[in-house]
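These notes are about the structure you will find just below.
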Amino acid sequence: MAKLVTWGQYRQSVGDRSSLFAALTALWPIRHALYVGSYVDLAPSTAIEIVTYVDNDVRATRFFGDPDLIRAELDGRTRDGAGVEVRFHPADYYRPLPVDDSSVDLLISLFTGPAWEHTRRYVRPGGLLLANASHGDASLAALDPSLQLVGVAHEDGERYRITTDELEEYLVPRRPSAADPDAIRRSGRGIAYTRSAFAYIFRTPS
């Protein structure tokens with residue numbers, strides 16, 4: 001049996017990202033989020049009413065398979081109206097998911113990979129993508145003309161803030177030749193920018 005890994009243990013290694021999602025919901029109406037490659041990170045449920053988590057790691061399956069543990073982990077950590085539904089699919093996001101098209105307000109891809117290309121169908125028109133450049137998702141999103149950068153998230157320990165101005169200074173490649181979608185996909189890594197952030201928020205077409 002897979003070793004039980006809890007969100008509390010995960011927070012000890014990567015920190016608590018709850019304030020990131022509190023900042024997001026303070027700026028945009030987000031009722032339902034889809035978190036692909038979530039592992040055991042419950043942070044979105046502290047600020048968002050419904051979150052669908054997707055991961056094919058057996059430790060995530062074991063964690064999310066215990067509703068009592070999920071409730072205990074979230075106890076005392078959720079904002080009003082958040083954490084109402086926690087859904088989990090033990091799946092590979094490269095394949096079709098049991099999620100309705102155009103049904104989520106926010107797609108979360110943190111340290112995941114090129115999730116946008118495989119899961120964009122689930123985001124409603126005018127919805128949001130939260131991605132970082134670690135595994136290339138934000139770098140590929142930046143090259144998608146259908147997406148508009150509407151914010152960047154900065155990290156200071158476990159405190160996050162979102163900036164929505166001077167966005168033209170972000171996602172400018174240090175080497176213009178690096179902005180090659182095929183090269184990014186092959187490497188599985190994001191590219192370096194002249195000014196970077198922890199994550200980037202993109203809006204989909206209305």
Side-chain angles (χ1 to χ4, degrees), residues 14-38 41 43-44 46-48 51 79 93 101-206:
V14 304
D16 188 352
R17 297 175 182 148
S18 297
S19 67
L20 170 60
F21 297 98
L24 279 166
T25 55
L27 289 172
W28 294 284
I30 301 170
R31 179 174 178 266
H32 185 185
L34 173 63
Y35 191 174
V36 294
S38 62
D41 185 12
T46 64
I48 300 171
V51 183
R79 298 159 63 91
Y93 66 81
D101 289 355
S102 303
S103 65
V104 305
D105 305 300
L106 171 68
L107 172 65
I108 305 165
S109 175
L110 297 176
F111 304 98
T112 300
W116 169 245
E117 298 185 338
H118 299 279
T119 54
R120 61 190 302 162
R121 60 187 286 187
Y122 309 115
V123 184
R124 65 168 177 81
L128 302 171
L129 164 68
L130 172 70
N132 65 357
S134 174
H135 291 56
D137 206 9
S139 296
L140 289 171
L143 298 173
D144 186 334
S146 73
L147 293 174
Q148 175 190 5
L149 182 67
V150 293
V152 295
H154 295 281
E155 176 188 21
D156 181 9
E158 293 187 352
R159 299 181 64 182
Y160 292 84
R161 61 181 176 85
I162 294 176
T163 298
T164 57
D165 54 8
E166 299 180 343
L167 297 180
E168 69 281 357
E169 298 182 5
Y170 295 89
L171 298 174
V172 178
R174 290 183 183 175
R175 291 190 304 107
S177 61
D180 180 334
D182 291 333
I184 294 169
R185 292 186 191 97
R186 285 195 300 270
S187 70
R189 297 191 301 272
I191 63 178
Y193 296 108
T194 57
R195 186 176 183 183
S196 60
F198 169 77
Y200 305 86
I201 302 103
F202 302 89
R203 182 161 51 213
T204 65
S206 298

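Just so you know, these numbers use all the heavy atoms, side chains as well, and skip hydrogens, waters and symmetry mates.
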pair [X]-[Y]: side-chain heavy atoms closer than 4.5 Å:
| X | Y | result |
| --- | --- | --- |
| Ile201 | Leu24 | yes |
| Arg120 | Ser146 | yes |
| Phe202 | Asp144 | no |
| Leu147 | Trp116 | yes |
| Pro125 | Ser102 | yes |
| Ile108 | Phe21 | yes |
| Leu129 | Val123 | no |
| Val150 | Thr164 | no |

If you take all heavy atoms of [X] and [Y], which pair is closest and at what distance?
| X | Y | answer |
| --- | --- | --- |
| Ile162 | Leu20 | CD1-O, 4.3 Å |
| Gly151 | Leu167 | N-CD1, 3.7 Å |
| Ala197 | Val152 | CB-CB, 3.9 Å |
| Leu130 | Ala199 | CD1-CB, 3.7 Å |
| Ala142 | Leu171 | CB-CD1, 3.8 Å |
| Arg17 | Ala43 | C-CB, 3.8 Å |

Donor-acceptor pair, side chain of Thr204 and main chain of Gly127, under 3.5 angstrom: yes
For Arg31, is there an ion pair with Asp105 - N to carboxylate O distance below 4.0 angstrom? no
Under the side-chain contact (heavy atoms from CB on, under 4.5 Å) criterion, do Ile30 and Leu128 qualify, and how do the steps go? CA-CA 9 Å; Ile30 301 170; Leu128 302 171; 4.2 Å; yes
Please list, chain by chain and in numerical order, all residues satisfying ring pair (Phe, Tyr, Trp, His ring centres under 6.0 Å) with His118, sequence neighbours excluded.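 Listed in chain order: Tyr94.
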Which residues satisfy the side-chain contact (heavy atoms from CB on, under 4.5 Å) test with Ala115, sequence neighbours excluded? Val36, Tyr93, Ser109, Thr112, Thr119, Asp137
Is there any ring-ring contact (aromatic ring centres under 6.0 Å, His included) pair reaching into residues 173-198, and which pairs are they, with sequence neighbours excluded?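 Qualifying pairs: Tyr160-Phe198.
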What pairs of residues pass the ring-ring contact (aromatic ring centres under 6.0 Å, His included) test when at least one of them lies in residues 165-192, not counting sequence neighbours?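 ring-ring contact (aromatic ring centres under 6.0 Å, His included) check on residues 165-192 returns His154-Tyr170.
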Any salt bridge (Lys or Arg N to Asp or Glu O under 4.0 Å) pairs touching residues 177-186, not counting sequence neighbours? Glu117-Arg185, Asp182-Arg185
Salt bridge (Lys or Arg N to Asp or Glu O under 4.0 Å) pairs, two or more places apart, involving residues 158-167: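 Matches after skipping sequence neighbours: Glu166-Arg195.
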Pair [X], [Y]: side-chain N/O donor-acceptor within cut-off below 3.5 Å:
| X | Y | answer |
| --- | --- | --- |
| Tyr35 | Asp41 | yes |
| Asn132 | Ser134 | no |
| Arg189 | Ser139 | no |

